[in-house]
Asks: 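Handing you this structure, nothing more for now.
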Amino acid sequence: QVRLVESGGGLVQAGTSLRLSCAASGRTFSNYDGGWFRQAPGKEREFVAAISWSGGNTHYTDSVKDRFTISRNNAQNSVYLQMNSLKPEDTAVYYCAAQRARIWTIAAVTPQNEYAYWGQGTQVTVSS
């Protein structure tokens, strides 16, 4: 069992930055790929970014490329999402997720049903 706890959300103005953190406990986190998803009001939860167990591979949804950066520190059992140049359309609840590490493919890291472990979410609100 892997437990995930997100933090770092808040209310910010457009154009500013936030850094989300996801703290993992329960298992050796370096055995798991990590992902960030988000759910905006009235919309389905969607993929944002993923990172391999080693940090050597990352993938982003097109709408956040060049603005968001996913990273991890296995010594601290944590995954991060640095969000720059935030836009009102980034407003959502952001969820951290984890899955057992596997051969890295886009098809394996983007669907939410590939992830067995989820945090409770952290709200990010971007005002215009």
Side-chain angles (χ1 to χ4, degrees):
Q1 186 80 2
V2 176
R3 299 178 185 84
L4 304 172
V5 178
E6 303 96 335
S7 62
L11 171 63
V12 297
Q13 290 189 330
T16 60
S17 300
L18 272 178
R19 188 191 193 211
L20 304 184
S21 298
C22 174
S25 62
R27 292 286 177 92
T28 304
F29 192 53
S30 59
N31 292 336
Y32 293 81
D33 296 332
W36 286 97
F37 291 76
R38 66 186 180 186
Q39 187 168 22
K43 295 186 177 181
E44 294 187 353
R45 189 160 56 184
E46 64 173 358
F47 170 80
V48 176
I51 188 166
S52 61
W53 66 272
S54 66
N57 293 291
T58 58
H59 178 61
Y60 301 89
T61 192
D62 286 346
S63 62
V64 308
K65 282 181 181 177
D66 300 324
R67 297 190 299 123
F68 290 12
T69 302
I70 189 171
S71 61
R72 66 188 297 157
N73 184 328
N74 287 337
Q76 296 187 353
N77 292 329
S78 295
V79 175
Y80 308 98
L81 186 68
Q82 177 67 41
M83 306 186 294
N84 298 330
S85 302
L86 282 162
K87 303 176 181 180
E89 51 264 43
D90 294 319
T91 295
V93 177
Y94 283 72
Y95 297 90
C96 176
Q99 58 167 287
R100 291 282 293 182
R102 65 191 71 180
I103 296 174
W104 180 267
T105 66
I106 303 307
V109 301
T110 53
Q112 54 184 306
N113 61 9
E114 294 289 338
Y115 291 81
Y117 305 104
W118 292 84
Q120 82 290 348
T122 185
Q123 176 71 47
V124 172
T125 303
V126 184
S127 64
S128 57

Asks: For Ser52, is there any backbone N or O sitting under 3.5 Å from a side-chain donor or acceptor partner on Arg72?
Replies: yes
Asks: Is it possible for you to say whether Met83 and Val48 belong to one hydrophobic cluster, with membership spreading through side-chain heavy-atom contacts below 4.5 Å?
Replies: yes
Asks: So, Gln99 side chain and Ala108 main chain: donor-acceptor pair closer than 3.5 Å or not?
Replies: yes
Asks: Can you name the nearest heavy-atom pair linking Phe29 to Leu4, along with the distance?
Replies: CE1-CD2, 4.3 Å
Asks: Does any pair with a residue in residues 21-128 pass disulfide (SG to SG under 2.5 Å), and if so which ones, sequence neighbours excluded?
Replies: Cys22-Cys96
Asks: What I'd like to find out is whether the side chain of Phe47 reaches to under 4.5 Å of the side chain of Val64, using heavy atoms alone.
Replies: no
Asks: With no hydrogens and no angle check, is any side-chain donor or acceptor of Asn74 less than 3.5 Å from a backbone partner on Ser54?
Replies: no
Asks: Does any N or O in the side chain of Gln112 come within less than 3.5 Å of the main-chain N or O of Arg45, such that one atom is a donor and the other an acceptor?
Replies: yes
Asks: Kindly compute the distance separating OG (Ser78) from CG (Leu20), expressed to the nearest 0.5 Å.
Replies: 12.5 Å
Asks: Using side-chain heavy atoms (C-beta onward) and a distance below 4.5 Å, is Gln123 in contact with Thr91?
Replies: yes
Asks: Check the hydrophobic clustering (I, L, V, M, F, W, Y; side-chain heavy atoms under 4.5 Å; chains of links allowed) and say if Trp104 and Tyr115 are grouped together.
Replies: yes
Asks: In Å, rounded to the nearest 0.5 Å, how long is the span from OG of Ser63 to CD of Glu46?
Replies: 6.0 Å
Asks: Step through the shown structure and confirm whether more than 12 heavy atoms of other residues, nucleotides or ligands are within 6.0 Å of CZ on Arg3.
Replies: no
Asks: Between Tyr80 (side chain only) and Asn73 (backbone N and O only), is there a donor and an acceptor less than 3.5 Å apart?
Replies: no
Asks: Between the main-chain N or O of Gly121 and the side-chain N or O of Glu6, is there a donor-acceptor pair closer than 3.5 Å?
Replies: yes
Asks: Determine the interplanar angle of the Phe68 and Tyr94 rings, folded into 0 to 90°, and report it as parallel if under 30°, tilted if 30 to 60°, perpendicular if over 60°.
Replies: tilted
Asks: Grab the two heavy atoms, one from Ala24 and one from Val2, that are nearest each other, plus how far apart they are.
Replies: CB-CG1, 4.3 Å
Asks: Under 4.0 Å between a Lys/Arg side-chain N and an Asp/Glu carboxylate O for Lys87 and Asp90?
Replies: no
Asks: What is the minimum heavy-atom distance between Ser127 and Leu11, and which atoms define it?
Replies: CB-CD1, 4.5 Å
Asks: Would Tyr95 end up clustered with Val124 when hydrophobic side chains under 4.5 Å apart are linked, directly or stepwise?
Replies: no
Asks: Mind checking what makes side-chain contact (heavy atoms from CB on, under 4.5 Å) contact with Ser7, not counting sequence neighbours?
Replies: Ser21
Asks: Can you check whether Trp53's main-chain N or O pairs, donor with acceptor, with Asp33's side chain at less than 3.5 Å?
Replies: yes
Asks: Is Val93 reachable from Val12 through a run of I, L, V, M, F, W or Y residues, each pair having side-chain heavy atoms under 4.5 Å apart?
Replies: no
Asks: Determine, using the 4.5 Å side-chain heavy-atom cutoff (strictly less than), whether Val109 and Tyr32 are members of one ILVMFWY cluster.
Replies: no
Asks: Between OG1 of Thr122 and CG of Leu18, what distance do you get to the nearest 0.5 Å?
Replies: 8.5 Å
Asks: Is Tyr117 reaching over with its side chain to a backbone N or O of Arg100, donor-acceptor style, under 3.5 angstrom?
Replies: no
Asks: Test your reading of the model: is there a side-chain donor-acceptor pair from Gln120 to the backbone of Val5, 3.5 Å cut-off?
Replies: no
Asks: Please answer whether the main-chain N or O of Ser85 pairs with a side-chain N or O of Arg67 as donor and acceptor at a distance below 3.5 Å.
Replies: yes
Asks: Quick one: closest heavy-atom pair of Ser17 and Gln82, and the distance?
Replies: CB-NE2, 3.9 Å
Asks: At their closest point, which heavy atom of Ala14 faces which heavy atom of Ser128, and how far apart are they?
Replies: CB-CA, 4.4 Å
Asks: How many angstroms lie between atom CZ of Arg38 and atom CG of Leu81, to the nearest 0.5 angstrom?
Replies: 9.0 Å
